[in-house]
Amino acid sequence: MSKHRVTATVSKILNFSCVDGPGNRLVIFLQGCNYQCKNCHNPHTIGVCNHCGDCVAPCPANALSMEDGKVKWDASLCTHCDLCLSVCPNQSNPKTQVMTLDDILALVRKQHFFLSGITVSGGEATLQLPFIVALFEAVKADAELQHLSCMVDSNGSLSQTGWEKLLPVLDGAMIDLKAWQEETHQWLTGRSHHRVMQSISLLAEHDKLEEVRLLHIPGITDYVGEIDAVSTYLHTLPARTTIRLNAFQHHGVTGEALAWDVCSKEEITDFATQLEQRGLTVTYREPLNV
Ligand code: SF4
Ligand code: SF4
(Lines give C-alpha, C1' and ligand atoms only; values in the text may rest on other atoms or scores of the structure.)
(Ligands and ions follow the chains in the order given, each with its own letter.)
Protein backbone atom coordinates (compact mmCIF):
# COMPACT_ATOMS: atom_id res chain seq x y z
CA MET A 1 0.00 0.00 0.00
CA SER A 2 1.27 3.49 -0.81
CA LYS A 3 2.38 5.30 2.32
CA HIS A 4 -0.02 8.15 1.58
CA ARG A 5 -2.96 5.75 1.76
CA VAL A 6 -2.17 4.74 5.36
CA THR A 7 -5.19 5.64 7.46
CA ALA A 8 -5.95 6.47 11.08
CA THR A 9 -9.17 6.42 13.08
CA VAL A 10 -9.36 9.93 14.45
CA SER A 11 -11.64 11.01 17.29
CA LYS A 12 -10.83 14.72 17.21
CA ILE A 13 -8.41 17.26 15.79
CA LEU A 14 -7.49 20.50 17.54
CA ASN A 15 -6.11 23.01 15.08
CA PHE A 16 -4.28 24.93 17.80
CA SER A 17 -3.32 23.87 21.31
CA CYS A 18 -0.75 25.24 23.73
CA VAL A 19 -1.13 22.45 26.34
CA ASP A 20 -0.11 19.38 24.31
CA GLY A 21 3.63 19.99 24.04
CA PRO A 22 5.79 23.07 23.48
CA GLY A 23 4.48 26.06 21.52
CA ASN A 24 1.43 26.14 19.34
CA ARG A 25 0.49 22.67 18.11
CA LEU A 26 -1.97 20.87 15.89
CA VAL A 27 -3.17 17.87 17.88
CA ILE A 28 -4.58 14.69 16.37
CA PHE A 29 -6.47 12.50 18.86
CA LEU A 30 -6.61 8.86 17.75
CA GLN A 31 -9.42 6.52 18.78
CA GLY A 32 -8.78 3.45 20.94
CA CYS A 33 -6.89 2.76 24.17
CA ASN A 34 -5.35 -0.32 25.80
CA TYR A 35 -5.82 1.00 29.36
CA GLN A 36 -9.05 1.07 31.37
CA CYS A 37 -8.26 3.97 33.71
CA LYS A 38 -10.92 4.43 36.38
CA ASN A 39 -10.29 8.18 36.16
CA CYS A 40 -10.37 8.50 32.34
CA HIS A 41 -11.74 11.91 31.37
CA ASN A 42 -12.45 10.82 27.78
CA PRO A 43 -13.90 7.30 28.21
CA HIS A 44 -15.57 7.34 24.77
CA THR A 45 -12.09 7.34 23.19
CA ILE A 46 -11.27 3.89 24.65
CA GLY A 47 -13.28 1.54 22.44
CA VAL A 48 -13.18 0.98 18.71
CA CYS A 49 -16.66 1.17 17.12
CA ASN A 50 -18.06 -2.22 16.05
CA HIS A 51 -20.92 -0.57 14.11
CA CYS A 52 -23.59 -2.22 16.27
CA GLY A 53 -25.93 0.72 15.53
CA ASP A 54 -27.17 1.20 19.11
CA CYS A 55 -26.50 4.94 18.95
CA VAL A 56 -28.45 5.59 15.72
CA ALA A 57 -32.07 5.71 16.98
CA PRO A 58 -31.37 7.80 20.12
CA CYS A 59 -29.71 10.63 18.13
CA PRO A 60 -32.21 13.51 18.44
CA ALA A 61 -30.86 15.27 15.35
CA ASN A 62 -30.99 12.27 12.96
CA ALA A 63 -27.29 12.78 12.38
CA LEU A 64 -26.59 9.04 12.53
CA SER A 65 -27.60 6.35 10.07
CA MET A 66 -26.46 2.90 8.98
CA GLU A 67 -24.97 2.56 5.53
CA ASP A 68 -23.52 -0.72 4.19
CA GLY A 69 -23.47 -2.11 7.72
CA LYS A 70 -21.53 0.86 9.09
CA VAL A 71 -22.64 3.75 11.23
CA LYS A 72 -22.44 7.05 9.37
CA TRP A 73 -22.24 10.46 11.00
CA ASP A 74 -23.52 13.62 9.29
CA ALA A 75 -21.54 16.48 10.78
CA SER A 76 -23.87 19.08 9.28
CA LEU A 77 -26.83 17.77 11.33
CA CYS A 78 -24.96 17.02 14.58
CA THR A 79 -25.69 19.35 17.50
CA HIS A 80 -22.87 17.87 19.62
CA CYS A 81 -25.25 16.89 22.40
CA ASP A 82 -23.09 13.75 22.96
CA LEU A 83 -26.10 11.51 23.69
CA CYS A 84 -24.53 8.93 21.34
CA LEU A 85 -21.47 8.72 23.61
CA SER A 86 -23.56 8.02 26.66
CA VAL A 87 -25.60 5.22 25.00
CA CYS A 88 -22.64 3.45 23.36
CA PRO A 89 -22.06 0.09 25.12
CA ASN A 90 -18.52 -0.02 23.76
CA GLN A 91 -16.92 3.19 25.15
CA SER A 92 -16.73 4.37 21.57
CA ASN A 93 -17.92 7.22 19.41
CA PRO A 94 -19.81 7.22 16.09
CA LYS A 95 -18.23 10.57 15.20
CA THR A 96 -14.75 9.17 14.60
CA GLN A 97 -13.36 9.60 11.12
CA VAL A 98 -11.04 7.38 9.12
CA MET A 99 -8.53 9.80 7.62
CA THR A 100 -5.68 9.17 5.20
CA LEU A 101 -2.18 10.49 5.67
CA ASP A 102 -2.87 12.92 2.82
CA ASP A 103 -5.99 14.24 4.61
CA ILE A 104 -3.92 15.01 7.70
CA LEU A 105 -1.01 16.48 5.74
CA ALA A 106 -3.42 18.81 3.94
CA LEU A 107 -4.63 20.11 7.33
CA VAL A 108 -1.07 20.59 8.57
CA ARG A 109 -0.10 22.44 5.37
CA LYS A 110 -3.08 24.78 5.70
CA GLN A 111 -1.81 26.22 8.99
CA HIS A 112 1.86 25.33 9.22
CA PHE A 113 2.90 29.01 9.36
CA PHE A 114 1.16 29.33 12.73
CA LEU A 115 2.42 26.08 14.25
CA SER A 116 5.47 25.01 16.26
CA GLY A 117 4.64 21.36 15.74
CA ILE A 118 2.17 18.50 15.71
CA THR A 119 1.24 16.15 18.53
CA VAL A 120 -0.46 12.78 18.15
CA SER A 121 -2.53 11.92 21.22
CA GLY A 122 -5.37 9.56 22.13
CA GLY A 123 -6.86 7.32 23.43
CA GLU A 124 -3.47 5.69 23.22
CA ALA A 125 -1.83 7.11 20.12
CA THR A 126 0.76 4.37 19.69
CA LEU A 127 -1.91 1.72 19.04
CA GLN A 128 -1.88 3.25 15.53
CA LEU A 129 1.91 3.24 15.27
CA PRO A 130 2.25 2.73 11.46
CA PHE A 131 0.20 5.87 10.89
CA ILE A 132 2.29 7.95 13.33
CA VAL A 133 5.56 6.78 11.77
CA ALA A 134 4.25 7.53 8.25
CA LEU A 135 2.99 10.98 9.32
CA PHE A 136 6.21 12.02 11.04
CA GLU A 137 8.32 10.68 8.14
CA ALA A 138 6.22 12.70 5.69
CA VAL A 139 6.57 15.89 7.78
CA LYS A 140 10.35 15.48 8.08
CA ALA A 141 10.68 14.85 4.34
CA ASP A 142 8.67 17.91 3.33
CA ALA A 143 10.73 21.12 2.93
CA GLU A 144 7.68 23.24 3.80
CA LEU A 145 6.91 21.32 7.02
CA GLN A 146 10.38 20.43 8.31
CA HIS A 147 10.29 23.19 10.95
CA LEU A 148 7.46 21.40 12.79
CA SER A 149 8.43 19.25 15.77
CA CYS A 150 6.73 15.85 15.89
CA MET A 151 5.60 14.68 19.32
CA VAL A 152 3.50 11.92 20.79
CA ASP A 153 1.39 11.87 23.93
CA SER A 154 1.33 8.33 25.35
CA ASN A 155 0.57 6.13 28.35
CA GLY A 156 4.02 4.58 27.84
CA SER A 157 2.77 1.09 27.00
CA LEU A 158 4.56 0.83 23.66
CA SER A 159 7.25 -1.87 23.46
CA GLN A 160 10.93 -1.15 22.87
CA THR A 161 10.57 -2.51 19.31
CA GLY A 162 7.73 -0.07 18.72
CA TRP A 163 9.67 2.92 20.08
CA GLU A 164 12.64 1.96 17.91
CA LYS A 165 10.44 2.35 14.82
CA LEU A 166 9.32 5.79 15.98
CA LEU A 167 12.55 7.22 17.46
CA PRO A 168 14.19 8.24 14.15
CA VAL A 169 11.30 10.61 13.36
CA LEU A 170 10.23 11.54 16.90
CA ASP A 171 11.23 14.84 18.51
CA GLY A 172 9.71 14.16 21.91
CA ALA A 173 7.22 12.15 23.93
CA MET A 174 4.93 13.18 26.78
CA ILE A 175 4.38 10.18 29.07
CA ASP A 176 1.84 9.72 31.86
CA LEU A 177 3.18 7.91 34.91
CA LYS A 178 -0.25 7.16 36.34
CA ALA A 179 0.86 5.80 39.73
CA TRP A 180 4.12 5.11 41.56
CA GLN A 181 3.62 1.59 42.92
CA GLU A 182 2.85 -1.36 40.66
CA GLU A 183 -0.23 -2.38 42.67
CA THR A 184 -1.70 1.13 42.49
CA HIS A 185 -1.01 1.35 38.75
CA GLN A 186 -2.62 -2.05 38.16
CA TRP A 187 -5.67 -1.09 40.18
CA LEU A 188 -6.07 2.31 38.52
CA THR A 189 -5.39 1.40 34.88
CA GLY A 190 -5.80 -2.36 34.63
CA ARG A 191 -2.18 -2.65 33.39
CA SER A 192 1.32 -3.04 34.81
CA HIS A 193 3.60 0.00 34.99
CA HIS A 194 6.79 -1.94 34.07
CA ARG A 195 6.42 -1.05 30.38
CA VAL A 196 5.88 2.61 31.31
CA MET A 197 9.11 2.70 33.33
CA GLN A 198 10.96 1.00 30.45
CA SER A 199 9.55 3.54 27.97
CA ILE A 200 10.60 6.47 30.17
CA SER A 201 14.17 5.06 30.44
CA LEU A 202 14.42 4.39 26.72
CA LEU A 203 13.15 7.83 25.76
CA ALA A 204 15.46 9.49 28.31
CA GLU A 205 18.43 7.56 26.95
CA HIS A 206 17.67 8.90 23.44
CA ASP A 207 16.98 12.42 24.72
CA LYS A 208 13.37 12.20 23.50
CA LEU A 209 11.58 12.48 26.84
CA GLU A 210 9.79 15.82 26.59
CA GLU A 211 7.52 15.52 29.60
CA VAL A 212 6.53 13.18 32.43
CA ARG A 213 3.09 13.81 33.86
CA LEU A 214 1.89 12.87 37.33
CA LEU A 215 -1.83 13.10 38.02
CA HIS A 216 -2.45 13.80 41.70
CA ILE A 217 -5.68 12.21 42.96
CA PRO A 218 -5.61 12.74 46.74
CA GLY A 219 -6.09 9.48 48.62
CA ILE A 220 -5.89 7.48 45.37
CA THR A 221 -2.55 8.01 43.65
CA ASP A 222 0.48 7.28 45.78
CA TYR A 223 3.14 9.89 44.94
CA VAL A 224 2.85 11.92 48.16
CA GLY A 225 3.15 8.88 50.45
CA GLU A 226 6.27 7.85 48.50
CA ILE A 227 7.63 11.34 48.00
CA ASP A 228 11.30 10.52 48.70
CA ALA A 229 11.39 7.58 46.29
CA VAL A 230 9.44 9.54 43.66
CA SER A 231 11.83 12.53 44.00
CA THR A 232 14.92 10.33 43.72
CA TYR A 233 13.48 8.78 40.55
CA LEU A 234 12.54 12.13 39.00
CA HIS A 235 16.09 13.41 39.63
CA THR A 236 17.37 10.72 37.23
CA LEU A 237 15.41 12.19 34.29
CA PRO A 238 17.18 14.39 31.72
CA ALA A 239 17.35 18.16 32.20
CA ARG A 240 15.13 18.74 29.13
CA THR A 241 12.24 16.76 30.65
CA THR A 242 9.41 18.81 32.09
CA ILE A 243 7.83 17.31 35.19
CA ARG A 244 4.18 18.28 35.00
CA LEU A 245 1.78 17.83 37.90
CA ASN A 246 -1.91 17.64 37.08
CA ALA A 247 -4.72 18.06 39.60
CA PHE A 248 -7.53 15.50 39.30
CA GLN A 249 -10.91 17.03 38.46
CA HIS A 250 -14.27 15.47 37.61
CA HIS A 251 -14.61 16.85 34.06
CA GLY A 252 -15.56 13.99 31.69
CA VAL A 253 -15.07 11.31 34.36
CA THR A 254 -17.65 8.53 34.80
CA GLY A 255 -18.27 5.71 37.29
CA GLU A 256 -16.62 5.30 40.69
CA ALA A 257 -14.08 8.08 40.09
CA LEU A 258 -16.92 10.61 40.28
CA ALA A 259 -17.10 9.83 44.01
CA TRP A 260 -13.40 10.61 44.53
CA ASP A 261 -12.40 13.98 45.92
CA VAL A 262 -10.96 16.38 43.37
CA CYS A 263 -7.47 17.77 43.97
CA SER A 264 -7.63 21.24 45.52
CA LYS A 265 -5.35 24.21 44.91
CA GLU A 266 -3.73 23.55 48.32
CA GLU A 267 -3.16 19.84 47.59
CA ILE A 268 -1.48 20.36 44.21
CA THR A 269 0.61 23.22 45.63
CA ASP A 270 1.66 21.06 48.58
CA PHE A 271 2.68 18.22 46.22
CA ALA A 272 4.71 20.67 44.11
CA THR A 273 6.33 22.20 47.20
CA GLN A 274 7.39 18.78 48.50
CA LEU A 275 9.12 18.04 45.18
CA GLU A 276 10.68 21.52 45.02
CA GLN A 277 12.01 21.12 48.57
CA ARG A 278 13.79 18.03 47.27
CA GLY A 279 15.49 20.08 44.54
CA LEU A 280 13.16 19.44 41.58
CA THR A 281 11.67 21.98 39.20
CA VAL A 282 8.05 21.20 38.41
CA THR A 283 5.24 22.73 36.37
CA TYR A 284 1.62 22.74 37.44
CA ARG A 285 -1.55 24.70 37.07
CA GLU A 286 -3.79 25.45 40.03
CA PRO A 287 -7.34 24.14 39.51
CA LEU A 288 -10.02 26.80 39.17
CA ASN A 289 -12.64 27.25 41.91
CA VAL A 290 -11.48 24.43 44.15
S1 SF4 B 1 -20.44 4.24 18.42
FE2 SF4 B 1 -20.95 2.65 19.89
S3 SF4 B 1 -23.20 2.44 19.81
FE4 SF4 B 1 -22.55 3.57 17.97
S5 SF4 B 1 -22.33 2.00 16.40
FE6 SF4 B 1 -20.28 2.29 17.31
S7 SF4 B 1 -20.12 0.74 18.96
FE8 SF4 B 1 -22.32 0.91 18.38
S1 SF4 C 1 -23.61 14.28 19.39
FE2 SF4 C 1 -24.26 12.24 18.76
S3 SF4 C 1 -26.40 12.04 19.51
FE4 SF4 C 1 -25.87 14.24 19.57
S5 SF4 C 1 -26.57 15.07 17.58
FE6 SF4 C 1 -24.40 14.49 17.30
S7 SF4 C 1 -24.44 12.40 16.51
FE8 SF4 C 1 -26.48 12.83 17.40
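Note that ligands are numbered from 1 as they come in the structure, with each ligand's atoms numbered from 1 the same way.
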Under a 4.0 angstrom heavy-atom cut-off, which atoms of ligand 1 come close to His51?
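The list of qualifying atoms is 5 (S), 6 (Fe).
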Go through ligand 1 atom by atom and flag the ones less than 4.0 Å from a non-hydrogen atom of Pro89.
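This gives 3 (S) as the contact atoms.
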Any Lys/Arg nitrogen of Asp82 or Lys95 sitting under 4.0 Å from an Asp/Glu carboxylate oxygen of the other?
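Looking at Asp82 and Lys95, the cut-off is met.
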State plainly whether the residues Asp270 and Lys265 are in salt-bridge range, i.e. N to O under 4.0 Å.
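Looking at Lys265 together with Asp270, the answer is no, because their closest N to O distance does not fall below 4.0 Å.
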Within the stated cut-off of 2.8 Å, is an N/O/S atom of Cys59 closer than that to atom 8 (Fe) of ligand 2?
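Yes, Cys59 qualifies, because one of its backbone or side-chain N, O or S atoms lies under 2.8 Å.
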Side chain of [X], backbone of [Y]: donor and acceptor closer than 3.5 Å?
X	Y	result
Arg195	Ser192	no
Thr241	Leu209	yes
Lys208	Leu170	yes

Of all the non-hydrogen atoms in the protein, which one sits nearest to [atom], and at what distance?
atom	value
atom 1 (S) of ligand 1	Pro94 N, 3.4 Å
atom 2 (Fe) of ligand 2	Cys84 SG, 2.3 Å
atom 8 (Fe) of ligand 1	Cys52 SG, 2.3 Å
atom 7 (S) of ligand 1	Asn50 OD1, 3.2 Å
atom 5 (S) of ligand 1	Gly53 N, 3.3 Å

Mind checking whether His80 contacts ligand 2 via backbone (N, CA, C, O), side chain (CB onward), both or neither, at a 4.0 Å heavy-atom cut-off?
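Under 4.0 Å from ligand 2, His80 contributes backbone atoms alone.
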Residue portion contacting ligand 2 (non-hydrogen atoms closer than 4.0 Å) for Leu77
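Leu77 to ligand 2: no contact under 4.0 Å from either part.
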Less than 6.0 angstrom separating the ring centers of His112 and His147, yes or no?
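Yes, they do, as the ring centres are separated by less than 6.0 Å.
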Parallel, tilted or perpendicular: which fits the ring planes of Tyr223 and Phe271, with parallel below 30° and perpendicular above 60°?
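Parallel: the ring planes of Tyr223 and Phe271 meet at under 30°.
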Going by the angle between their ring planes, with limits at 30° and 60°, are His80 and Trp73 parallel, tilted or perpendicular?
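Correct class here is perpendicular.
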Taking N, O or S atoms only and a limit of 2.8 Å, check whether Cys81 reaches atom 2 (Fe) of ligand 2.
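It does not; every qualifying atom lies at 2.8 Å or beyond.
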Which atoms of ligand 2 are found less than 4.0 Å from any heavy atom of [X]?
X	result
Asp82	1 (S), 4 (Fe)
Cys78	1 (S), 5 (S), 6 (Fe), 7 (S)
Trp73	7 (S)

Heavy atoms of other groups near His41 NE2, more than 12 under 6.0 Å
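Incorrect, the count does not exceed 12.
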Run down the list Cys55, Cys49, Pro58 and name the one with the heavy atom closest to atom 3 (S) of ligand 1.
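That would be Cys55.
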Under a 4.0 Å heavy-atom limit, does Leu64 contact ligand 1 with its side chain, its backbone, both, or neither?
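None of Leu64 does.
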List the steps and the verdict of side chain to side chain contact (heavy atoms under 4.5 Å, CB included) for Ile227 and Leu275.
CA-CA 7 Å; Ile227 197 76; Leu275 292 173; 3.7 Å; yes
Using a 4.5 Å cut-off on heavy atoms from C-beta on, say whether the side chain of Ile118 contacts that of Val27.
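Counting from C-beta outward, Val27 and Ile118 never come under 4.5 Å.
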If the contact criterion is a heavy-atom separation under 4.0 Å, does Gly47 count as touching ligand 1?
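No.
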Restricting to N/O/S atoms, is Cys88 within less than 2.8 Å of atom 8 (Fe) of ligand 1 or not?
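It does not: Cys88 brings no N, O or S atom closer than 2.8 Å to atom 8 (Fe) of ligand 1.
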